[in-house]
2 protein chains.
Amino acid sequence: MLNMRPVSDDDLTARARIRDVAMALFAEQGVKATTIRAIADAAGVSPGLVQHHFGSKEELRQACDEHVLSYIREQVTEGITDHNLERPEFVEAVRRTAPPLMKYLGRALVDGSPAAAAMFDELVSVTAANLARGDHSDADHRARATVLTAMKLGITVLHEHVSRALGTDLYGPQGALRVGQAQLDLIRPEFVGLELHERARTGLDKFGEQR
Amino acid sequence: MLNMRPVSDDDLTARARIRDVAMALFAEQGVKATTIRAIADAAGVSPGLVQHHFGSKEELRQACDEHVLSYIREQVTEGITDHNLERPEFVEAVRRTAPPLMKYLGRALVDGSPAAAAMFDELVSVTAANLARGDHSDADHRARATVLTAMKLGITVLHEHVSRALGTDLYGPQGALRVGQAQLDLIRPEFVGLELHERARTGLDKFGEQR
DNA sequence: CGGCTTCCAATACAGCCGTATAGCATGTTG
DNA sequence: CAACATGCTATACGGCTGTATTGGAAGCCG
């Protein structure tokens, strides 16, 4: 035993394949509308194997939750804490790997996943602390942080409509650039954090010049 | 014949009751997860009656779509075009009647309703025209309008999380006030339209003083 | 009053869903 | 080599879902 998960984490084991396919289908159609048989079919395995690896549909869903949460925490750490936002190759790497996970997160927020709700609350708390740090007035930081979080995630949740209205895939290179810049244009810089705003702006500009 | 829909439109006929209950359940759980039997149960009628009035689940869903769309168009006309945004009783009236319909709209946007998609596109077009009217530069008005629309609707779609993070119901009097003001704080006024921004701000303030 | 339409409930049914079970290779362990 | 754990498939089953059908009650019209 203990032989599971042979080498790395993003390999092509059947288990990982099932999880990835499930995330994509859950994101597109919702959890309830996605059948285990459809997942198995898309992953090229039998329905029984899905159950073998994850026990039940609900447990499969939780596995998807945990996977996307750990990924996002990782990227946020690398991007913000480790000051990688200015590096175009980092922005490009995220743009390539993140889409399926972001789409799943958007759906999970609406489908009532506890893990997604927890992530939302965490984002609000971090944002509220950021706002309070830059503005010591008695403004309603909690409400501002909540609205800011919901607005940003709203773009993720409504990615399909955003892409259609834009005429370009939100998660394509041009779409991400246009939406990112529009966000920076629309929101008052002091609420993104002046420093973070500047870093994001320059990172986005560099990324735009590269193409 | 021709006796259907006796007097007004918002009466308590079984047909209207079924539609309203369906909208609430669709909004809470999604269309696929909501059964016709559950709708009939909540409306106090037999499952057969649901089919009698709407034919099929899909047609019931379309009826919900049309109902919410006509309502929203009506309120937007009264609020913006007829300059009612400053009147606190108008804001209060909307706050009382809109919630179930807004919740349904939020779900419809994610569940892939064609009608909701059309409304999104329409909102983007109107917003883009507004932006272009106030700014003749070669800025990316289309992207800004799309992002602005998605962010605003994002609050609706994520109302459950917003309410939880706020500690108050988004559609309660205090919640609507706090979120409305936070939105006006966060977004650069010129993108709401300077005049509209001012009107919304004063309307919100009056509404806040009243309580 | 007889006929017709509308509103509604009860029952029936075919299909699909999640899941339990049994079985078969493969390769690892003791 | 024997025993066993693992990755996987095939089949079966109970329950639920959408919907078709049937029939009855109430009200209008001629």
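In what follows, every chain begins at residue 1, and chains take the letters A, B, ... in the order their sequences are listed. Not measured: the values here are computed from a predicted model.
If you take CD of B:Gln29 and P of D:dT17, they are 11 Å apart, rounded to a whole angstrom. One atom, CD1 of A:Ile18, and another, P of C:dG18, lie 14 Å apart when rounded to the nearest Å. In this structure, A:Glu59 places its CD atom 9 Å from P of C:dT19, rounding to the nearest Å. One interatomic measurement links the two molecules: NE2 of A:His52 to C1' of C:dC24, which rounds to 13 Å at whole-angstrom precision. When the P atom of D:dT19 is taken as reference, atom CD of B:Glu58 falls 9 Å away, rounded to whole Å. Rounding to whole angstrom units, CD1 of residue A:Ile36 and C1' of D:dC13 are separated by 15 Å. Atom CZ in B:Arg17 sits roughly 13 Å away from atom P in C:dC7 (whole-Å rounding). The NZ atom of A:Lys57 sits 15 Å away from the P atom of C:dA20 (whole-angstrom rounding).
Side-chain contact of B:Ser56 with B:Glu59: a donor-acceptor pair under 3.5 Å is present, judged by distance alone. A donor atom on one side chain and an acceptor atom on the other are found under 3.5 Å apart for A:His161 and A:Arg164.
If A:His53 and B:Arg37 are placed on DNA chain D by their nearest nucleotide, the residue sitting closer to the 5' end is A:His53. Judged by closest nucleotide on DNA chain C, B:Ala14 is the one of B:Lys32 and B:Ala14 placed further toward the 5' end. Remark on DNA chain D: of its neighbouring residues B:Val31 and A:Val45, the 5'-side contact belongs to A:Val45, judged by nearest-heavy-atom nucleotide.
Within the structure, every side-chain polar atom (N or O) of B:Gln51 is placed at least 4.0 Å from both OP1 and OP2 of D:dG18.
Using a 4.5 Å heavy-atom threshold, the side chains of A:Val31 and A:Glu58 count as separate. Residues B:Arg201 and B:His197 meet the side-chain proximity criterion, which asks for heavy atoms closer than 4.5 Å.
Distances were taken from every side-chain heavy atom of B:Thr35 (C-beta onward) to each of C:dA9, D:dC8, D:dG18; the shortest belongs to D:dG18.
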